[in-house]
There are 2 protein chains.
Amino acid sequence: MGAKGQQGRKPRADVQRNRAALLEAAQRHFLRVGVGASLEAVAKEAGVGPATLYRHFPTREALLAAVLQTRSEELVARQEDIALLGDASEALRQWLRALEEYFSAFSGLPEPLMAAVREREPDNPLTLPCDELIATTDEYVRAAQLAGHARPSVKGYDLYLAAVSVAWIKGSGATDEESLDRLRALIESGYREQDGEE
Amino acid sequence: MGAKGQQGRKPRADVQRNRAALLEAAQRHFLRVGVGASLEAVAKEAGVGPATLYRHFPTREALLAAVLQTRSEELVARQEDIALLGDASEALRQWLRALEEYFSAFSGLPEPLMAAVREREPDNPLTLPCDELIATTDEYVRAAQLAGHARPSVKGYDLYLAAVSVAWIKGSGATDEESLDRLRALIESGYREQDGEE
DNA sequence: GACTTGACCGGAGGCAGCCTCCGTTTTAAG
DNA sequence: CTTAAAACGGAGGCTGCCTCCGGTCAAGTC
């Protein structure tokens, strides 16, 4: 994974330092004001010029994808916890909840995520991670279907969309946690096989 | 309803003309590029200066609310059709579908609608119409619950949120109609009482 | 330790959109 | 026709996006 040692020249020290500073500043700004944060402000807080930011991350999506990388690893860790459950139904439920939290990391995150799925061109650095999440969701759905806990008509993509939607509503700030819980319950009773196991 | 004749001065002719031109231009732009359209471009197309647009509609939301007024009347008309059904379950279903279409009028419309519900201050001209739609949805839900076609735990606001969400996903353009149909089915089987009438 | 070289940096600046002041024009009324 | 209030619209300040391009700095060389 780390085998990049094929260049004659060693990577410059300031490059990595700047990149790290940019990522940190970007994360702070995204947390405070959402994914629409001013990139110039991010650069200034990182102590670099605008051009340096754009050289490291050509688009807002590229910066966002790099910042999300950290959180993405948390998701993988969650998957290992979930794998210990054994119960496919509970696993699906917890995975959907983890997805929703991931999508809620920054205000306004759902928009670029949906845009990344729309544009099938791979120039969007968010497309690949999104496709992986969709595939993973589908695996959980299939497992739950095999165990008879999910309707056969449901696809992983559907529940992925549902999770993004809930995150979008949560991020819009118009709704209290109680309403969100009712919405989650509605979705759950929508995909569950209704043989009523408990 | 039209009794505004209490001013000594007749309203100026150019005011109404400009207002109409602005609304028409705004609708065209909203349809073409979404609610984020450049207001300067709208003003230019309407043949007025930027200041005139802002005098008539102090905020983007005010302009949006005025443009939506027309569509809102269509929704009222739909309600009359729906009232003829008699079947509370089918009425709720059709109302939700009408809501979703209304929310899909322009790309990006769901965002300001959610923001209008968030800010409880009445300075947002979208807040009032939204609250009315939520109340109407709740009436349909209650009727369906009385007929035993909807779970008692479901609130009108929940299904309002669900309709906005579907419209948001549709507007993001990342999804084909087939996926949207599965999503709608998921929501429906989520709020329906499961005694399986058909 | 000084030199070379190429990768890297960052400020300046063009562009677009938002919004507002204020001098000018239009309009209804007398 | 005169008048005065109401409305108009261009100019301009502001912010953010993104890109040149001349200067700078670090890695490798002697």
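Remember, predicted model here, so these are calculated numbers, not experimental data. Lettering follows sequence order; numbering is per chain, from 1.
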Quick one, A/R184 with A/E100, criterion salt bridge (Lys or Arg N to Asp or Glu O under 4.0 Å). Give me CA distance, side-chain angles, the key distance, then yes/no.
CA-CA 10 Å; A/R184 294 187 193 105; A/E100 184 197 315; 2.7 Å; yes
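No hydrogens or angles considered: nothing links the side chains of B/T59 and B/Y54 as a donor-acceptor pair under 3.5 Å. Between the side chains of A/T136 and A/W95, not a single donor N or O lies within less than 3.5 Å of an accepting N or O.
Taking side-chain N and O atoms only, B/R9 has no distance below 4.0 Å to OP1 or OP2 of D/dA4. Look at A/T52 and you'll find a side-chain N or O under 4.0 angstrom from OP1 or OP2 of C/dG10. Proximity of A/N18 to the phosphate of C/dC8: no side-chain N or O atom is located under 4.0 Å from OP1 or OP2. Between B/H56 and D/dA7 there is no side-chain polar atom (N or O) within less than 4.0 angstrom of OP1 or OP2. In this structure, A/R55 reaches the C/dC9 phosphate: one of its side-chain N or O atoms is under 4.0 Å from OP1 or OP2. Distances shorter than 4.0 Å separate none of the side-chain N or O atoms of A/S38 from OP1 or OP2 on D/dT15.
Following rounding to the nearest Å, A/E40 (CD) and C/dG14 (C1') show an atom-to-atom distance of 13 Å. If you measure from atom NZ of B/K10 to atom P of D/dA4, you get 21 Å, rounded to the nearest angstrom. Regarding A/D14, its CG atom lies at a distance of 9 Å from the P atom of C/dG10, rounded to whole Å. Regarding A/Q16, its CD atom lies at a distance of 11 Å from the P atom of C/dC9, rounded to whole Å. The interatomic distance linking A/Y54 (OH) with C/dA12 (P) rounds to 17 Å, in whole Å.
Counting non-hydrogen atoms under 4.0 angstrom, A/G36 reaches nothing in the nucleic acid.
Outside the 6.0 Å centre-distance limit, the rings of B/Y140 and B/Y160 are not counted as a close aromatic pair.
The residue among B/T59 and A/V48 whose nearest nucleotide of DNA chain C lies closer to the 5′ end is A/V48.
The nucleotide whose nearest atom lies closest to any side-chain atom of A/R60 is, among D/dC17, D/dG10, C/dC18, D/dC17.
Judged by distance alone with a 3.5 Å cut-off, a donor-acceptor contact links the side chain of A/R12 to the base of C/dA7.
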